[in-house]
Amino acid sequence: MSWLILVAHAFNPLLLHIGMTRMRSRREASRRAVVAQDVFLTVFSSFLVYLVWLGVHWLWLSMVGAGLSFDRFVGADRGPAYFLPFMLGFLMLVLEFGVRPRLRAEQSLAFVGSLGTVLLVSGCYFMFVNYLAWIAYL
Amino acid sequence: MTTEHLFRFLIQSYLSPVLLLFYLFCAQGFLAPFGIRAFASTGTNSERLMGMVYLLVAPVIGFSWLMVSCGFLQSFDAGLSLPAILEGDIHWLQAVGFLVTAFVLRAYLSRNGVEANLMGFIFTPLLLFGAAISASLHFWWIWSVVLGGDSG
């Protein structure tokens, strides 16, 4: 379970949004369309940022003397609701790389844009509540 | 659900700065495919909020948000219910957020609407300020009531 939680954090909605925005501007600048590579870079960079974030917390907690096992630190037992923001992050990826490039009509693009904003805002909200719960649990 | 619950729900739907910001940024995208316009142009660079559309859509957004938030927070075993959430005390800082939203809405619903620069440099920062207050209070409530963070 801990490993699943660790990997799921690669789909953090906020980090994915930042990555996708960077990829979109890069794609528009170079006019190329290697979708698989862009998806991989977005998810992988999000995962790396999460590892740094986790490392900083680990360091901080080590300095205050809390002895934490890997399972306790990452979180061994989580309900399905915990993974909701990551599912939203995955949906954001599908919208950005799967749906958006196929749309031409302005209305459809605006609809997808609004849907993406809803996913991002609710994903960030869920992530932050999960973070507060994690801090309270540690 | 009593009349008081309904009243509190409507106040929070219409006057929440977070929901108004959400409406300003996202409503057009969702309503346009149905042929509904959330804004009307009143000049070269100004627009006005369509009052009737806001009146109908804001409670829908408010209720959706309440359901999503309450549904997600159920996973923390705090025994939350919709009436209990609506019965919560309104902090005076939250009332400031409501006043800010009312002030912005008054300008946005007026006959001449709001000029884009005025909206961007005055009203949106005001709304962001109100939204920051509301969000801080909401997360504080989650920390202390839902997660029991203040009881140790």
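What you see below is based on every heavy atom in this structure, not just the backbone, and it leaves out hydrogens, waters and symmetry mates. Residue numbers start from 1 in every chain, and the chains themselves are labelled A, B, ... in the order their sequence lines are given, proteins ahead of strands.
- The hydrophobic cluster containing Val104(B) also contains Leu55(B), counting ILVMFWY residues as joined when their side-chain heavy atoms lie under 4.5 angstrom apart, directly or transitively.
- Judged by distance alone, with hydrogens and angles left aside, the side-chain atoms of Glu47(B) form no donor-acceptor pair with the main-chain N or O of Phe39(B) at under 3.5 Å.
- A 4.5 Å side-chain heavy-atom check between Phe11(A) and Tyr50(A) finds every atom pair outside the cut-off.
- Neither the backbone nor the side chain of Leu109(A) comes within contact range of chain B, judged by heavy atoms closer than 4.5 Å.
- Put simply, the side chain of Arg48(B) never gets that close to the backbone of Asn112(B): no donor and acceptor are under 3.5 Å apart.
- Both the backbone and the side chain of Leu132(A) come within contact range of chain B, judged by heavy atoms closer than 4.5 Å.
- No part of Leu31(B) comes within reach of chain A, as not one of its non-hydrogen atoms sits under 4.5 angstrom from that chain.
- Among the candidates Gly71(B), Gly29(B), Ala32(B), Ser69(B), the residue making the largest number of heavy-atom pairs closer than 4.5 Å to chain A is Gly29(B).
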